[in-house]
Chemist: 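Sharing a structure here in C-alpha cells format.
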Amino acid sequence: MPRFQKLYEQFKNRPGVQFLSLSIDENPGLIGPFLKENKYTFPVLPAHSYATDTLHVNGIPQNWIVSPDGVVRLRGIGYDSGEKWEQGMTDAIEKYKPATATASAKPGGR
C-alpha cells in the first residue's frame, strides 16, 4: 500500500484522475485506524458486500483503471511491491488519461 499512497500523491491533483480503494474488511471500523496508523490519505470505502456480491472480487488486491466515461480499461489482480508495479500503473494512467478539449480553442469552435 505504500506504493499506492505514492501513486495517489503523484496524481491526486490531476484533473480526470481519481483514486479509490474499496475495503473488503467485514468490520468497517478497522479502516480508519489502519489508515491513520499507516499515514495513508487516499480515499477508502467500506465495500465488502459490493466487492464480493456485485464485482465478484475473488482475489486482492485488484487494480482497475476506469476511463472518465466509465469503461474499465485495465483490471489486474495482485501487487508487486517493487517499482515495476508503480511504473506500470503510471504508464496505464497516462495511456488512458482523458483527451483535452481542443475544439473550443480553435476559431469558430471547429
Side-chain angles (χ1 to χ4, degrees):
M1 293 188 95
R3 292 209 181 268
F4 186 82
Q5 176 66 37
K6 185 177 176 185
L7 207 58
Y8 170 72
E9 290 295 327
Q10 180 181 346
F11 288 99
K12 70 180 181 182
N13 294 318
R14 181 175 293 181
V17 177
Q18 294 290 320
F19 281 78
L20 177 63
S21 178
L22 302 179
S23 173
I24 61 168
D25 225 320
E26 290 186 41
N27 181 353
L30 299 175
I31 298 169
F34 175 80
L35 294 173
K36 185 175 182 178
E37 177 182 327
N38 291 284
K39 298 183 172 113
Y40 295 140
T41 59
F42 51 82
V44 178
L45 292 178
H48 181 269
S49 294
Y50 178 70
T52 56
D53 299 342
T54 303
L55 299 177
H56 306 289
V57 169
N58 56 5
I60 58 169
Q62 291 198 14
N63 307 290
W64 298 22
I65 294 187
V66 181
S67 64
D69 57 352
V71 176
V72 175
R73 301 293 182 180
L74 174 85
R75 182 176 179 182
I77 299 175
Y79 175 75
D80 175 2
S81 62
E83 292 180 15
K84 182 180 172 184
W85 177 86
E86 189 176 332
Q87 186 59 53
M89 292 301 289
T90 298
D91 292 347
I93 290 167
E94 293 296 340
K95 180 178 179 179
Y96 297 114
K97 68 183 177 186
T100 56
T102 56
S104 61
K106 295 180 182 178
R110 297 177 185 212

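Scope of the values below: all heavy atoms of this structure, side chains included, with no hydrogens, waters or symmetry mates.
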Chemist: Check this for me: Lys12, atom NZ, are more than 12 non-hydrogen atoms of other residues, nucleotides or ligands nearer than 6.0 Å?
Modeler: yes
Chemist: Report, one line per pair, each donor and acceptor closer than 3.5 Å where one atom sits in a side chain of residues 22-39; sequence neighbours left out.
Modeler:
{"from": "Ser23", "atom 1": "OG", "to": "Asp25", "atom 2": "N", "distance (Å)": "3.3"}
{"from": "Asn27", "atom 1": "OD1", "to": "Gly29", "atom 2": "N", "distance (Å)": "2.9"}
{"from": "Asn38", "atom 1": "ND2", "to": "Phe34", "atom 2": "O", "distance (Å)": "2.9"}

Chemist: Met1 vs Tyr8, test: side-chain contact (heavy atoms from CB on, under 4.5 Å). Steps then yes/no.
Modeler: CA-CA 10 Å; Met1 293 188 95; Tyr8 170 72; over 6 Å; no
Chemist: Quick check on the 6.0 Å ring-centre criterion: do Phe19 and Phe4 meet it?
Modeler: yes
Chemist: Determine all donor-acceptor pairs shorter than 3.5 Å in which one atom belongs to a side chain in residues 41-50; sequence neighbours excluded.
Modeler:
{"from": "Thr41", "atom 1": "OG1", "to": "Gln5", "atom 2": "NE2", "distance (Å)": "2.8"}
{"from": "Thr41", "atom 1": "OG1", "to": "Glu9", "atom 2": "OE2", "distance (Å)": "3.1"}

Chemist: Which distance, rounded to the nearest 0.5 Å, do you find between the CE of Met89 and the NZ of Lys6?
Modeler: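 Rounded to the nearest 0.5 Å, the CE-NZ separation comes to 14.5 Å.
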Chemist: So how far is it from Lys84 NZ to Arg3 CZ, rounded to the nearest 0.5 Å?
Modeler: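 Here the rounded value is 13.0 Å.
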Chemist: In the single-linkage hydrophobic clustering (I, L, V, M, F, W, Y; side-chain heavy atoms under 4.5 Å), do Val71 and Ile65 co-cluster?
Modeler: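 Result: no, two separate clusters.
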